Amino acid sequence: MLVDMEGLVQQGSLEADLLQGLDAKRLPGHVAIIMDGNGRWASRRGMSRLEGHRKGAETARLIVEACARLSIPILTLYTFSSENWKRPPREINALMNMLYDNLEQKSELLKRHRIRLRMIGEPTRLPARLSRKLKETEEMSRDFTDMTVNLAINYGGRQEILQAVRSMIEQGVNAGKVSDGVFKKYLYTGDDPDPDLLIRTSGEQRLSNFLIYQSAYAELVFAPELWPDFLLGPLLRSLTEFQSRQRRFGGI
Ligand code: IPE
Ligand code: IPE
Ligand code: MG
């Protein structure tokens, strides 16, 4: 596959070989990632969990850039789940502050690759400063059409389905009108096509409440790397794995 990966892929490297083996016409239209393993990455190095999150944020930046260069139209990143509020307040605060700082720094990347950023999740409960920053960034990037990055923050799949049902009832949607297409419009992901490829890092093999409705036919790839180590090689390996699968959607 011929794409401009200059600066990201060295000639003659393993990554260059993997890239060569990919078929540009069969890349997923929507990749969703459960970015797991920051804490373990840090504790294995005798560092604090926060260091793991910091390193994880760098990886997220690299993966966004790589997907933009590969012309993957939609990337959805599981950043903070509705269940992550169970963590110690110190870790939550640090994560929220980090998210804020990263949004500031990411503006440049969004402009350079014409990426639209969208927050999916429940906007309540987030620090006001972070909510404002998210709105501002969404506003700034709303007309960029090369790629969409969905940041799932305070996101839970069950909560998403329940709020969709509530909105439909409140708006008096006729029961007979509730089709898959209509229902999806009430989900946070709106008009986005379903994820084709769902990756979870760190070797865990569960969805943890991520895109549970939308992932009905996603190809699942469980990568052994902890998220901070999920660099270009592992991404390209996951895409290669995706291209080796035969998708049948119930047919033969
Ligand atoms: C994922 O890494 C990041 C978030 C959930 C915010 P973890 O923090 O879950 O890392 P582990 O799973 O404890 O290693
Ligand atoms: C899922 O990871 C949430 C994110 C990556 C944001 P968790 O680490 O929270 O999931 P569990 O608790 O292992 O299922
Ligand atoms: Mg985890």
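Since we're looking at a predicted model, the values are computed, not measured. Remember, it's 1-based here, ligands and their atoms both numbered in the order they're listed. In this chain, residues are counted from 1 in sequence order.
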Carboxylate-amine/guanidinium proximity below 4.0 Å for Lys55 and Glu51: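 No, no charged N to carboxylate O under 4.0 Å.
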Could you tell me whether Asp143 and Arg114 have a side-chain N and a carboxylate O separated by less than 4.0 Å?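 Not counted as a salt bridge, because no side-chain N and carboxylate O are separated by less than 4.0 Å.
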N or O pair under 3.5 Å between Ser81 and ligand 2: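 No, since none of the N or O atoms of Ser81 sits under 3.5 Å from an N or O of ligand 2.
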Looking only at N/O atoms, are Asp36 and ligand 2 under 3.5 Å apart anywhere?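 Checking ligand 2 against Asp36, an N or O pair does fall under 3.5 Å apart.
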Is it true that the NZ or CZ of Arg247 lies under 6.0 Å from the centre of Tyr217's six-membered ring and within 45 degrees of the ring axis?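 Geometry flag: not set, cation outside 6.0 Å or 45°.
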Answer yes or no on whether Arg45 is positioned over the face of Trp41, meaning its NZ or CZ is under 6.0 Å from the six-membered ring centre and within 45° of the axis.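 Yes.
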So is Glu204 in contact with ligand 1, going by heavy-atom distances below 4.0 Å?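 Flag not set, Glu204 not near ligand 1.
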Mark the output for Ser202 as yes if a heavy-atom distance to ligand 1 is under 4.0 Å, and as no if none is.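 Checking ligand 1 against Ser202, which is what was asked, there is no heavy-atom contact under 4.0 Å.
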Among Arg44, Glu91, Met35, closest by any non-hydrogen atom to atom 1 (C) of ligand 1: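 Comparing heavy atoms across Arg44, Glu91, Met35, the nearest one to atom 1 (C) of ligand 1 lies in Met35.
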Check Arg118, Glu122, Glu160, Gln163 against Tyr188 for a side chain to side chain donor-acceptor pair (under 3.5 Å) and give me the one that passes.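 Only match with Tyr188 under side chain to side chain donor-acceptor pair (under 3.5 Å): Glu122.
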Hey, which atoms in ligand 2 end up nearer than 4.0 Å to a heavy atom of [X]?
| X | value |
| --- | --- |
| Thr79 | 6 (C) |
| Arg206 | 11 (P), 13 (O), 14 (O) |
| Arg87 | 7 (P), 8 (O), 9 (O) |

Non-hydrogen atom of Arg200 closer than 4.0 Å to ligand 2: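 Per 4.0 Å heavy-atom rule, Arg200 contacts ligand 2.
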Distance to 0.1 Å, residue and atom name: give those for the protein heavy atom nearest to [atom].
| atom | value |
| --- | --- |
| atom 10 (O) of ligand 1 | Gly39 N, 2.9 Å |
| atom 9 (O) of ligand 2 | Asn84 ND2, 2.9 Å |
| atom 14 (O) of ligand 2 | Ser208 OG, 2.6 Å |

Looking at every heavy atom in both Tyr155 and Ile120, which two are closest together, and how far apart are they?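 Shortest heavy-atom separation between Tyr155 and Ile120 comes out as CB-O, 3.9 Å.
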Identify which one of Lys111, Lys106, Arg112 satisfies the salt bridge (Lys or Arg N to Asp or Glu O under 4.0 Å) criterion when paired with Glu108.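 Exactly one pass, corresponding to Arg112.
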Can you sort out which atoms of ligand 1 are near Arg40, meaning under 4.0 Å from one of its heavy atoms?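 Those qualifying, in numeric order: 11 (P), 12 (O), 14 (O).
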If we count only non-hydrogen protein atoms and require a distance under 4.0 Å, does atom 12 (O) of ligand 2 qualify as touching the protein?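 Looking at atom 12 (O) of ligand 2, one finds that no protein heavy atom lies closer than 4.0 Å.
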Exam field: side chain Arg116 to backbone Thr148, donor-acceptor pair closer than 3.5 Å: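 Checking the backbone N and O of Thr148 against the side chain of Arg116, no donor-acceptor pair under 3.5 Å is found.
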Has the side chain of Ser13 got a donor or acceptor atom that lies under 3.5 Å from a matching backbone atom of Gln10?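 Yes.
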May I ask you to check if ligand 1 and Phe80 share an N or O to N or O distance below 3.5 Å?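 N/O-N/O distance below 3.5 Å does not exist for this pair.
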Any N, O or S atom of Asp36 closer than 2.8 Å to the Mg ion (ligand 3):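 Yes, Asp36 qualifies, because one of its backbone or side-chain N, O or S atoms lies under 2.8 Å.
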